[in-house]
Amino acid sequence: MKKITISGFGGQGVLSLGKFISYSAMFQNLNTSWLPSYGPEMRGGTSNCSVIYSEEPIAAPVIDHPDYLLAFNDPSLAKFEDSVRPGGTILINSDIVTTDVKRKDVTVYKIPVDTIAQEINPKGGNIIMLGILLELFGDLKEEFAIQAIEHVFENKPKVIPINIECLKKGREYIKNLKK
Amino acid sequence: MIVQKKPQLLTDTPLHYCPGCTHGIVHRLVAESIEELGMCDNAIGVMPVGCAVFGYNYFKCDMLQAAHGRAPSVSTGVKRVHPDALVFSYQGDGDCSSIGMCETVHAAARGENFTIIFINNGIYGMTGGQMAPTTMEGVKATTCIYGRDPKINGNPIHVAEMLATLTGPCYIERVACDNPAHVNAAKKAIKKAFELQIAKKGFTFIEVLASCPSNYHLTPLDAQKFVTERAIPFYPLGVIKDTTKEEK
Amino acid sequence: MKKLWKGNEAIAEAAIAAGCRYFFGYPITPQNEIPEYMSWRLNEVGGSFVQAESEVSAINMVYGAAGAGGRAMTSSSSPGISLKQEGISYLAGAMVPCVIINMMRSGPGLGGIQPSQGDYFQATKGGGHGDYHCIVYAPASIQEFVDITYKAFDTADRYRVPVMLIGDGMLGQMMEPAEIPPMKNINRLPKKDWAVDCNNGGTQRLINSIKIDANELEEHNIHLAQIYEEIAKKETEVETYLCDDAEYIFVAYGSVARICKASIDELRKEGIKAGLIRPITLYPYPTKTIAKYAKKRIVKKFVTVELSMGQMVEDVRLAVNGKKPVEFYGRAGGNVMMPGDLVKYIKEGK
């Protein structure tokens with residue numbers, strides 16, 4: 001089971017990144033849940049979602065201690081840093097986030113996702129992150145992530161190739177970083 | 001030769017209305033119109049809360065009894081299921097223009113294809129003569145015992161004229177039943193509204209100026225005279241909106 | 001085929017599959033996806049959608065459409081459900097079946113829009129005036145919401161009662177894989193020999209809740225009570241989770257029950273035997289199941305967990321009937337307890 005909290009400004013693709021993970025897990029025949037924050041905080045403020053996938057049925061769709069925190073802006077890091085389980089992972093969009101992670105008991109990756117995405121698809125920062133996650137998770141297969149992209153962009157087939165490219169680029173980036 | 005007979009659509013149940021009340025006449029006009037249009041087997045009525053709450057006892061067609069003021073919403077729901085049925089709601093002034101004004105206005109604005117028969121006697125009959133939205137200035141009611149004073153009680157509403165400002169309604173007419181000529185005109189108006197509904201022209205609204213001898217404390221004849229002398233000058237009779245004329 | 005569904009949209013599609021062709025609603029967060037979905041989807045299947053001028057009007061449109069024999073539904077959230085209560089009482093009185101969805105938000109008054117279970121009393125103890133009940137379901141997952149919505153129309157028709165499904169903003173907004181059951185052929189649904197449809201060969205059909213004669217009305221009240229008794233016998237639904245050896249039993253419904261399950265899994269890892277009784281129907285209430293466990297010697301206490309300041313806990317106490325302590329853990333205002341909170345609560349109170 002993996003529990004992921006994703007948080008950032010509206011418009012950064014935070015909620016849709018969560019959906020991509022859930023779709024990938026579903027296509028891989030896993031159980032999954034996607035729970036967004038909703039209401040006025042959606043309008044311009046920080047939005048977040050809780051995503052879980054698991055071989056077992058998912059009990060609580062809420063997450064108190066995520067395995068992964070994806071922080072796309074500073075307020076998100078401030079809000080959720082302490083909640084990450086010891087030994088968990090924090091991924092930061094370093095194009096936006098300027099504060100440092102204080103926790104010493106977690107793995108931190110600072111990734112300039114927007115910069116990486118820029119030359120392929122300026123809106124593809126979240127898909128870059130999806131590629132990175134595939135590599136870090138290790139148990140979600142790329143073919144299902146591609147299926148998820150194809151499904152979500154069913155009505156915009158033109159953008160499918162550039163998003164798949166983002167996915168692969170993200171994966172490649174983290175592979176190199178880990179070396 | 002039969003000059004006048006009871007419409008088939010009405011039951012033999014004795015009416016519970018007070019002597020001199022206009023409901024009985026309007027029931028007959030509605031029933032006759034439906035019968036003449038050959039719609040007896042294809043009509044659905046929605047009754048209000050008010051004196052006509054037991055109206056379903058007098059009509060043989062399928063009926064629904066609605067919550068106070070909600071008949072236009074109920075009719076909207078019925079019409080969606082049976083678009084070819086002739087659907088009418090039959091409502092008093094408290095029901096249609098006070099508690100149910102919102103439903104009335106929005107059904108009219110949507111142009112729902114049913115007919116409201118609006119009985120305006122300017123008073124709450126069933127509950128014992130309280131002030132209605134249509135009670136005229138100076139008229140006494142049990143909640144304005146010295147007569148309606150706009151400074152204290154607000155002003156009466158011209159419902160038909162107000163609805164005529166909307167795009168949705170197709171045909172709006174105000175009629176009265178204070179003399180035989182007016183009764184005949186009322187019949188024509190009701191029948192025309194039903195015809196337009198059958199032709200799927202949209203929302204139709206007939207306001208009937210009615211008497212309430214019991215609560216005005218008048219004899220049946222004087223109650224009719226009240227309609228003639230007081231109500232009609234304030235609520236003028238006639239066609240207030242008719243988009244079918246504009247079409248020609 | 002399983003699809004990733006947002007709760008509200010899955011409910012709407014399940015209703016259509018069940019033969020619902022008439023929907024009347026009014027915007028209110030967090031259930032807006034239901035009317036939005038219905039507005040285009042009903043058009044595709046030859047049904048009818050009206051955005052009513054108010055919740056009051058919407059429920060009365062349901063009364064009209066369902067009284068005319070259609071499968072009709074409305075949805076709203078707490079403040080809007082309050083406005084519908086008059087209409088629900090009339091539906092119950094006139095025995096007009098329909099389905100009502102309440103995606104609860106926090107109150108009282110305008111309150112907030114975050115998840116809550118503050119409408120338990122309203123849903124199960126009446127809500128509107130008079131002596132009536134709705135069948136009340138509290139699904140805990142999107143698949144369960146789909147399955148219960150699908151059968152709710154049949155259940156409503158069978159007993160001629162309004163059926164209410166209550167969830168919370170969490171269940172309405174979240175996404176989970178779910179499968180929609182097959183589309184029912186609406187022409188093959190059981191005929192309604194009571195509905196107004198102008199097709200009765202001269203005998204009047206009447207949808208009515210006024211019975212001015214005391215004896216006639218009492219007879220009607222008794223008739224309704226008999227129906228509710230039969231419903232209690234046949235329709236009560238409850239899930240138990242790891243209760244057989246449990247010393248601590250949570251009682252919770254809807255999304256909160258899932259949070260309890262997660263905390264039970266944690267507790268059991270630490271050797272603490274916890275279990276869950278999850279009422280699926282809130283009316284009729286699974287009193288017998290709770291009473292059965294209250295008699296077991298091994299059970300030390302019950303903990304009712306709700307997103308309220310304590311409503312269902314009263315029914316748990318009635319069922320336990322003093323045999324075991326009944327404690328209450330609640331969050332309100334839209335705050336949601338975490339599995340860890342319940343783990344801590346049980347460990348500290350041992």
Side-chain angles (χ1 to χ4, degrees), chain A residues 1 3-6 15-43 45 47-66 80 82-86 144-145 147-152 154, chain C residues 1-8 29-33 77 103 105-106 112-115 140-144 168-179 241-242 252 254-266 276 278 305 307 331 334-344:
Chain A
M1 179 188 283
K3 295 188 265 186
I4 308 127
T5 298
I6 312 172
L15 298 184
S16 58
L17 172 55
K19 281 189 204 173
F20 281 116
I21 298 170
S22 272
Y23 273 116
S24 309
M26 182 185 70
F27 288 135
Q28 200 173 312
N29 244 334
L30 297 167
N31 294 298
T32 183
S33 67
W34 173 89
L35 174 69
S37 59
Y38 62 87
E41 60 184 311
M42 280 158 61
R43 319 257 178 257
S47 70
N48 67 76
C49 62
S50 308
V51 181
I52 303 175
Y53 68 88
S54 169
E55 295 205 346
E56 304 299 315
I58 292 162
V62 294
I63 299 174
D64 39 5
H65 301 298
F80 292 110
D82 289 341
S83 71
V84 179
R85 75 161 168 81
F144 297 113
Q147 198 180 337
I149 290 170
E150 286 167 348
H151 177 80
V152 170
E154 208 171 27
Chain C
M1 200 194 82
K2 275 201 172 176
K3 271 180 71 182
L4 194 63
W5 282 96
K6 190 169 224 195
N8 284 333
T29 306
Q31 60 82 54
N32 291 318
E33 293 83 359
S77 179
M103 280 297 164
R105 52 188 258 182
S106 43
I113 59 165
Q114 299 301 324
S141 70
I142 294 176
Q143 186 65 60
E144 195 176 42
D168 55 49
M170 220 186 314
L171 281 161
Q173 296 297 320
M174 68 185 277
M175 289 178 96
E176 280 183 317
E179 192 168 348
Y241 180 69
L242 304 178
S255 53
V256 176
R258 297 176 60 163
I259 295 168
C260 289
K261 274 189 187 177
S263 65
I264 290 164
D265 295 344
E266 286 298 310
L276 167 73
R278 176 174 77 89
V305 188
L307 296 179
R331 290 300 303 271
N335 286 319
V336 178
M337 68 286 290
M338 287 291 165
D341 300 333
L342 298 173
V343 170
K344 199 169 152 220

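Below, chain A is the first sequence line, B the second, and so on; all start at residue 1.
Within the 4.5 angstrom heavy-atom criterion, only backbone atoms of A:Ile63 (N, CA, C, O) approach chain C.
Taking CE from C:Met174 and SG from A:Cys49, the interatomic distance works out to 12.0 Å, rounded to the nearest 0.5 Å. With rounding to the nearest 0.5 angstrom, the CG atom of C:Asp265 is 9.0 Å from the CD atom of A:Glu56.
Per-residue heavy-atom pair counts under 4.5 Å with chain A were compared for C:Lys261, C:Lys6, C:Met170, and the maximum is reached by C:Met170.
Listed here is the closest heavy atom pair of A:Trp34 and C:Gln173: CZ3-O, 3.5 Å.
C:Arg258 places no side-chain N or O within donor-acceptor distance of the main-chain N or O of A:Ala60, the cut-off being under 3.5 Å. With hydrogens and angles disregarded, a donor-acceptor distance shorter than 3.5 Å links the side chain of A:Asp64 to the backbone of C:Gly340.
Of all residues spanning residues 24-32 of chain A, those with a heavy atom less than 4.5 Å away from chain C's heavy atoms are A:Met26, A:Thr32, arranged by number.
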